[in-house]
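I have placed the structure first, in the form of structure tokens, so that the comments after it can refer back to it.
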Amino acid sequence: MKLTRRERQELLFGYCLILPAVIYMLIFIGYPIVYNWIISFQDVTAKTLGSKMREFIGLKNYKAVFAEATFRQSLLHTLVYTVGCLVIQFSFGFLFAVFFARKFTLSKYIRGFIVISWMLPVTVTALVFKFMFAEGNGIINTVLMSLHIIKRPIGWLLRGNTAMLGLIIANSWVGIPFNMLLLTTGLNNIPGDIYEAASIDGASGIQRFFRITIPLLKPTIMSVLVLGFVLTFKVFDLVYVMTGGGPVTATEVLSTYSYKLSFQLFHFGEGAAVANVLFLCLFLVALVYLRTISREEVM
């Protein structure tokens, strides 16, 4: 189909508008990804980082990384952290969304107050929760001791069996408002006429919830879960500020392990390999999500 002169001008104008965004993506996102893949197949250390002639070693970096017990632990910790956060965030976020979907006095103001935790920088949240879980004068220990639940202060972030729990609680505090906002939008987009028709037909509240709300909210739920998985799986700042991957390697995740390999041990090739594993995990999740969405559109 031949375009008219006006249509060609509009198309060219549209390309000019998106050109700055494309250039930005290529420079600040595309180039680092490609460069990271390149050095993952090379012997890049502190000595060879500035050298133009780097030895190509194929998959040796990946083999070395997969042979490390710390890598396997960090992968497991990342999965545990992600699943734990998603369960808490989505559960409470959905409950809040259903609650605030009802019209009542001060609902907007209360919802806005809850969103403050999501708007705060993650580093600020991490520092706040680090102080709250502190062994000496942390508010968590103070409250639990005043209620006689514990007899002496507990080093929540200093124990391997409780440090991960502290991270999950901190991240969930940030993620619950995010889930609530998206799910509330999805609930508000469901036509009220459908609920009225179901009520006339004699459907109970539970039947309306499982037969109307959940099916119509499925695309929103999928989007919330995928976005939550991506944002949680690649966590770095929260873990780095609160525990630094410790104690020992109890809270080591893929992002912090990649950082330590690259900028503390100066094994840049192995650090890039770990980062690429993280990238592939997120890429696979995105592919599954896109395939699911495309199937629903076809149906």
Side-chain angles (χ1 to χ4, degrees), residues 78-122 124-126 128-129 165 167-235 238 281-299:
T78 306
L79 291 173
V80 171
Y81 173 81
T82 303
V83 172
C85 290
L86 285 181
V87 170
I88 297 176
Q89 291 174 184
F90 182 80
S91 300
F92 283 93
F94 191 84
L95 290 175
F96 280 130
V98 173
F99 177 72
F100 286 111
R102 301 175 179 272
K103 306 297 181 181
F104 61 92
T105 308
L106 301 178
S107 63
K108 294 182 179 179
Y109 300 100
I110 298 174
R111 185 169 56 188
F113 180 76
I114 295 176
V115 174
I116 292 177
S117 63
W118 178 61
M119 297 174 64
L120 288 175
V122 178
V124 174
T125 301
V128 169
F129 273 89
L165 179 61
L167 292 176
I168 292 175
I169 292 174
N171 188 74
S172 298
W173 188 74
V174 178
I176 288 174
F178 175 76
N179 284 254
M180 180 193 69
L181 286 176
L182 295 183
L183 292 170
T184 301
T185 303
L187 288 172
N188 291 333
N189 289 332
I190 300 177
D193 298 339
I194 300 177
Y195 291 106
E196 293 179 3
S199 299
I200 294 173
D201 291 336
S204 63
I206 296 177
Q207 288 176 328
R208 293 197 299 268
F209 180 77
F210 287 102
R211 298 293 180 88
I212 298 176
T213 304
I214 297 299
L216 294 180
L217 202 62
K218 187 178 178 181
T220 304
I221 292 175
M222 287 293 297
S223 300
V224 169
L225 291 177
V226 171
L227 286 173
F229 185 92
V230 171
L231 294 174
T232 308
F233 197 84
K234 67 180 184 64
V235 65
L238 185 77
C281 292
L282 297 177
F283 184 71
L284 290 175
V285 172
L287 287 180
V288 172
Y289 170 71
L290 292 175
R291 187 172 182 180
T292 304
I293 293 299
S294 62
R295 281 183 178 179
E296 291 181 355
E297 290 178 351
V298 171
M299 295 173 62

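These numbers come from the heavy atoms of this one structure, side chains and all, not from hydrogens, waters or symmetry mates.
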Partners meeting side-chain hydrogen bond (donor to acceptor under 3.5 Å, both in side chains) with Arg208 (sequence neighbours left out): Ser199

For Val288, all residues meeting side chain to side chain contact (heavy atoms under 4.5 Å, CB included), sequence neighbours excluded: Thr292

Nearest atoms (heavy-atom pairs only) where Leu217 meets Leu187: CD1-N, 3.6 Å

side-chain hydrogen bond (donor to acceptor under 3.5 Å, both in side chains) partners of Thr82, counting only residues at least two apart: none

Residues that Ala286 engages under side chain to side chain contact (heavy atoms under 4.5 Å, CB included), provided they are two or more places apart: none

Side-chain touch Leu95/Met180, heavy atoms, less than 4.5 angstrom: no

Distance-minimising heavy-atom pair for Ala170 and Thr125: O-CG2, 4.2 Å

Ile176 side, atom CD1; Ser91 side, atom OG - distance, nearest 0.5 Å: 9.0 Å

Asn189 side, atom CG; Leu216 side, atom CG - distance, nearest 0.5 Å: 10.5 Å

More than 12 heavy atoms of other groups within 6.0 Å of Ile206 CD1: no

Over all atoms of both residues, closest heavy-atom pair of Leu183 and Ala97: CB-CB, 3.6 Å

Phe100 side chain reached by Ile114 side chain, heavy atoms, under 4.5 Å: yes

Please tabulate, for the side chains in residues 219-233, all donor-acceptor contacts under 3.5 angstrom to protein atoms that are two or more places apart in sequence or on a different chain.
residue : atom : partner : partner atom : Å
Ser223  : OG   : Pro219  : O            : 3.0
Ser223  : OG   : Tyr289  : OH           : 2.8
Thr232  : OG1  : Gly228  : O            : 2.6

CD1-CD distance between Ile194 and Glu196, expressed to the nearest 0.5 angstrom: 10.5 Å

Qualifying residues under side chain to side chain contact (heavy atoms under 4.5 Å, CB included), relative to Leu290, sequence neighbours excluded: none

Where at least one partner belongs to residues 178-228, residue pairs that pass ring-ring contact (aromatic ring centres under 6.0 Å, His included), sequence neighbours excluded: Phe94-Phe209, Trp118-Phe178

Worked check of side-chain contact (heavy atoms from CB on, under 4.5 Å) between Val235 and Leu238: CA-CA 7 Å; Val235 65; Leu238 185 77; 4.0 Å; yes

Pair Ile212-Gln207, side-chain contact (heavy atoms from CB on, under 4.5 Å): steps then yes or no: CA-CA 8 Å; Ile212 298 176; Gln207 288 176 328; over 6 Å; no

Pairs where residues 169-186 contributes a residue and the test side-chain hydrogen bond (donor to acceptor under 3.5 Å, both in side chains) is met, not counting sequence neighbours: Tyr81-Asn171, Gln89-Asn171

Contacts of type side chain to side chain contact (heavy atoms under 4.5 Å, CB included), residue Pro215, not counting sequence neighbours: none

